[in-house]
A.B. asks: 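Encoded as structure tokens, here's the structure I'll be asking about.
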Amino acid sequence: MIGFILFVTIKFLLTPTRKLESARKHKRFLLLDNEEVIKNFHLTYNGAVFTGEKYLGATKNAIDVVSISLSPDSHTSIQGMAKEDFYFIEKKINEKYPVAQINWKSPIHEFLHQK
């Protein structure tokens, strides 16, 4: 019985959604990604949570993730973020998916492309 309670407690403390929420509260960067391409990934940075949709395509040498569409889970959470914040997120995603083109959804797309 004690072993079961200990197992459930440890499993709860290590759940990905709990890690994501903790990183969001502490305004840290965290990328939670399942290796399966058909599943979206979630990341948090500076208190905002984003969802990334991965798309497969052909590269010169392989079939790989070639496009990622990113959107914030809440538009109010991105208030006050600067362009450098979004470039940092892109850099971190490109470390994991080097050939992927990152496409931001509105309003971030417009913000990054304004002069």
A.B. asks: Could you name each residue pair satisfying side chain to side chain donor-acceptor pair (under 3.5 Å) that touches residues 64-73, not counting sequence neighbours?
C.D. replies: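 Qualifying pairs: T51-D73, S67-N103.
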A.B. asks: For V66 and L56: C-alpha separation, side-chain torsions, deciding distance, then whether side chain to side chain contact (heavy atoms under 4.5 Å, CB included) applies.
C.D. replies: CA-CA 6 Å; V66 295; L56 279 179; over 6 Å; no
A.B. asks: Donor-acceptor pairs under 3.5 angstrom involving side-chain atoms of residues 25-32: please list them, not counting sequence neighbours.
C.D. replies:
unit_1, atom_1, unit_2, atom_2, d
H26, ND1, S22, O, 2.8

A.B. asks: Run the side-chain contact (heavy atoms from CB on, under 4.5 Å) test against K39 and tell me which residues pass, sequence neighbours left out.
C.D. replies: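 K39 satisfies side-chain contact (heavy atoms from CB on, under 4.5 Å) with N34, E36 only.
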A.B. asks: Indicate if V65 and I63 have the same hydrophobic cluster label, given that clusters are the connected sets of ILVMFWY residues with side-chain heavy-atom separations under 4.5 angstrom.
C.D. replies: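 Yes.
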A.B. asks: Check the orientation of Y97 and F41. Use parallel for under 30°, tilted for 30 to 60°, and perpendicular for over 60°.
C.D. replies: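 Y97 vs F41 ring planes: parallel.
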A.B. asks: Tell me the closest heavy-atom pair linking A48 and I78, and the distance in Å.
C.D. replies: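 That closest heavy-atom pairing would be CB-CG2, 4.2 Å.
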A.B. asks: Could you tell me whether E84 and K91 have a side-chain N and a carboxylate O separated by less than 4.0 Å?
C.D. replies: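 Salt bridge between E84 and K91, a charged N being under 4.0 Å from a carboxylate O: no.
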A.B. asks: Does F50 have its ring centroid less than 6.0 Å away from the ring centroid of Y45?
C.D. replies: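 No, too far apart.
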A.B. asks: Flag yes if F111 and M81 sit in one hydrophobic cluster, no otherwise; membership is Ile, Leu, Val, Met, Phe, Trp, Tyr, and two members link when side-chain heavy atoms are under 4.5 Å apart.
C.D. replies: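 Shared cluster, yes.
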A.B. asks: Where do T76 and S74 come nearest, in terms of heavy atoms and distance?
C.D. replies: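 That would be OG1-OG, 2.9 Å.
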A.B. asks: What's the verdict on side chain to side chain contact (heavy atoms under 4.5 Å, CB included) for I68 and I93, showing C-alpha distance, side-chain angles and the deciding distance?
C.D. replies: CA-CA 9 Å; I68 295 173; I93 293 171; 3.5 Å; yes
A.B. asks: Is it possible for you to say whether L112 and I102 belong to one hydrophobic cluster, with membership spreading through side-chain heavy-atom contacts below 4.5 Å?
C.D. replies: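 Yes, L112 connects to I102 through the hydrophobic network.
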A.B. asks: Is a side-chain donor-acceptor pair under 3.5 Å present for W104 with E90?
C.D. replies: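 Note: E90 and W104 side chains meet the donor-acceptor criterion.
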A.B. asks: Please name the pair of heavy atoms, one in H113 and one in H109, separated by the smallest distance, quoted to 0.1 Å.
C.D. replies: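 So the minimum-distance heavy-atom pair works out to ND1-O, 2.8 Å.
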A.B. asks: Let me confirm one number: the NE2-NZ distance from H75 to K105, rounded to the nearest 0.5 Å.
C.D. replies: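 If I round to the nearest 0.5 Å, the distance is 9.5 Å.
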A.B. asks: Can you confirm whether E110 is buried at CD, in the sense that more than 12 heavy atoms of other residues, nucleotides or ligands lie under 6.0 Å from that atom?
C.D. replies: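 Count over threshold, so yes.
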